[in-house]
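Right, one structure below, let's go through it.
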Amino acid sequence: MMSKRNTKYIFITGGVVSSLGKGIAAASLGLLLKCRGLKVTLQKLDPYINVDPGTMNPFQHGEVFVLDDGAETDLDLGHYERFIDVNLNQNANVTSGQVYEAVISRERRGDYLGATVQVIPHITDEIKNRIRKAAENDNQIDVVITEIGGTVGDIESLPFLEAIRQMGLERADNDTLYIHLTLVPYIESAGELKTKPTQHSVKELREIGISPNILVCRTGRPLTKAAKDKIALFCNVPPEAVIQDLDAETIYEVPILFHGELLDNLVVHYLELLCKDLDLSFWRKIVNRIKNPKHYVKIAICGKYVDLKDAYKSIIESFIHAGGENDTRVEIKWISSEQVKTEGAAVLFDDVDGVLVPGGFGERGIEGKIEAVRHLRENKIPFLGICLGMQCATVEFARNVCGLKKAHSFEFDRETAHPVIHLMDEQKKVTEMGGTMRLGAYPCIIEKGSLAHRIYGNTQISERHRHRYELNNDYRENLVEKGLILSGLSPDRLLVEIVELKDHPFFIASQFHPELKSRPARAHPLFREFVKAALKYRQSRTEPTEAGEVYVSHTSGSKDTV
Ligand code: GLN
């Protein structure tokens, strides 16, 4: 057996304001260290009391990112997996809810008998155990990068900060590293970059006993030498440890920019890591094709949470990966499914080359989605349905092709005469909401000769799920007879995982979430082929002219230039 390596720990905190891109900074550093030949893993500590984000409204929290093992996690885990190209597990997302739940159930069992159970040391010990656990499954992890959610100064993140402070004390100096991400705003009226918020934020960290080694400064303008020197002096770090984090054209460029600031050199030096020189050439190629595409398509996302783009984070990223592989810029047109009922699918989809109907919960906007699918099916516009999107496609087909006018999903109509989407028996027994859906990776067998088969080039796949409802097997025969192809099934053939249509340029929908497995270097095949189909569809509708291109409308035959 190989001996266990001495794992090093990097802690990333955030200051001044939220949404500075701590997750992307952590993932970018992870990539740089990985490209130096180190074995890296990433972890997020979330200070809220929910056990996981699965029970939160997407408007509160954004997308719930599901891992292979079924863990429902923060969307930053999606960035981690995409940047360092690994499949993480439940250990990679720790919440206050999980920590308290574990400590309280131990207390009830009597494990602390005689003691008063307190934040320090019991809660902080549990947090430290979970940080160490991130490296536990793999003896060969060189570096764990732990991102602490929230902003320094929040009451709820204090136990996490105390735990990482203790870890620094308990380990050798070159074993832990603290990176603080702050904001250096440019004040227009003064014509100056302001360093004071960073100074205050670092002061706050130092008051609780953490002295950051590196400051990553988010800024819209390049940091001047004077600003860097000032931050260094007031925050007690060498000037080279003040790293500029400029707004980037694409998030995938951030590792390249960090490398330009010598961030990886600095980390390797502080942690005395033995590793090779950096080779980022494969990543530069990916970024280059994302930034300089030859073609263009417009794809609509027709969903319920379109006002909060974070609810569809992985879908947006999947389109960026798929666009890269098709040398195509994918512009997203956001359409609220409720709009379809008021404005009409024909008008809303007139200028798009494909439509994605994503996952979702709750009845609002459902008829708009079903109407959208009808329009796409009848007008032969490329369509990709995901989870609820597949359920809507099935309901639409049952209603308008099989003639089951009252068909619906049991989720939205408990009395429906035709519940073509219904609850499986094991779901009927479920009474608790948290962690009780069909979650995580499941195998799926693909029908030879289907569109899905052509797309995947494989008959056995594994994809991630997050849903309660399934296609009702009582309706299978009727649906198939009328032309719905059930091209992906669970290995026992009891669950329908993919449906598709023939005699349509591209009509396919999955019960699983393909967007959770797309990576910059490996676009998900469903997204890759969807963008390809959209491009083909667009090309069939554009006519080259001397001035450029003329786009022929779907319905009216009217023409507009693009
Ligand atoms: N609400 C549906 C279900 O629970 C779909 C879920 C989803 O789209 N993720 O089955």
Side-chain angles (χ1 to χ4, degrees), residues 52-68 70-73 75 78 301-306 308 310-316 318 336-337 355-370 372-373 383-396 398 407-414 416 419-442 444 463-473 475 488 490 494-499 508-518 524 526:
D52 62 45
T55 52
M56 282 186 230
N57 186 323
F59 284 118
Q60 288 272 319
H61 187 269
E63 160 186 276
V64 173
F65 193 82
V66 180
L67 307 181
D68 275 346
E72 295 179 277
T73 72
L75 58 77
I301 295 181
C302 177
K304 176 178 171 184
Y305 316 110
V306 291
L308 182 76
D310 269 359
Y312 301 113
K313 193 86 215 159
S314 293
I315 291 178
I316 298 170
S318 299
S336 146
S337 38
V355 178
L356 182 142
V357 178
F361 297 82
E363 202 188 351
R364 186 166 60 81
I366 203 74
E367 289 301 330
K369 286 184 182 170
I370 295 169
V373 180
F383 160 71
L384 176 62
I386 295 179
C387 207
L388 183 61
M390 181 190 112
Q391 299 175 353
C392 289
T394 308
V395 170
E396 190 280 318
H408 213 332
S409 165
F410 185 68
E411 180 177 7
F412 310 119
D413 183 359
R414 297 285 178 197
T416 175
V420 288
I421 304 295
H422 76 153
L423 270 187
M424 297 298 280
D425 283 341
E426 54 275 24
Q427 279 293 337
K428 287 185 189 143
K429 293 180 231 131
V430 168
T431 50
E432 290 197 4
M433 292 302 277
T436 54
M437 283 187 262
R438 182 174 171 219
L439 289 167
Y442 284 87
C444 167
E463 294 280 6
R464 297 180 185 172
H465 291 248
R466 181 171 190 256
H467 56 101
R468 252 178 242 291
Y469 296 84
E470 307 276 355
L471 192 144
N472 186 344
N473 288 336
Y475 290 89
S490 57
L494 289 178
L495 301 170
V496 176
E497 313 284 41
I498 307 176
V499 304
I508 189 161
S510 66
Q511 189 56 80
F512 50 78
H513 289 268
E515 73 275 21
L516 301 175
K517 286 186 65 172
S518 186
H524 191 284
L526 276 169

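Each ligand, and each atom within it, is numbered from 1 in the order the structure gives. What's counted below: heavy atoms across the whole structure, side chains too, no hydrogens, waters or symmetry copies. Note that the structure is a prediction, hence the values are computed from the model and not measured.
- His513 NE2 to Arg464 CZ: the interatomic distance, rounded to the nearest 0.5 Å, is 11.5 Å.
- Near ligand 1, residues Gly359, Gly360, Phe361, Cys387, Leu388, Gln391, Glu411, Arg466, His467, Arg468, Tyr469, His513 each place a heavy atom inside the 4.0 Å sphere around the ligand atoms.
- Here the straight-line distance linking atom CG of Leu526 with atom CD1 of Ile386 works out to 8.0 Å at 0.5 Å rounding.
- Under the ring pair (Phe, Tyr, Trp, His ring centres under 6.0 Å) criterion, Phe361 pairs with no residue, sequence neighbours left out.
- Checked against ring pair (Phe, Tyr, Trp, His ring centres under 6.0 Å), Phe412 has the following partners two or more places apart in sequence or in another chain: His408.
- Among residues two or more places apart in sequence or in another chain, the ring pair (Phe, Tyr, Trp, His ring centres under 6.0 Å) test is passed with His61 by Tyr48.
- Using a 4.0 Å cut-off between charged side-chain N and carboxylate O, Arg466 and Glu515 make no salt bridge.
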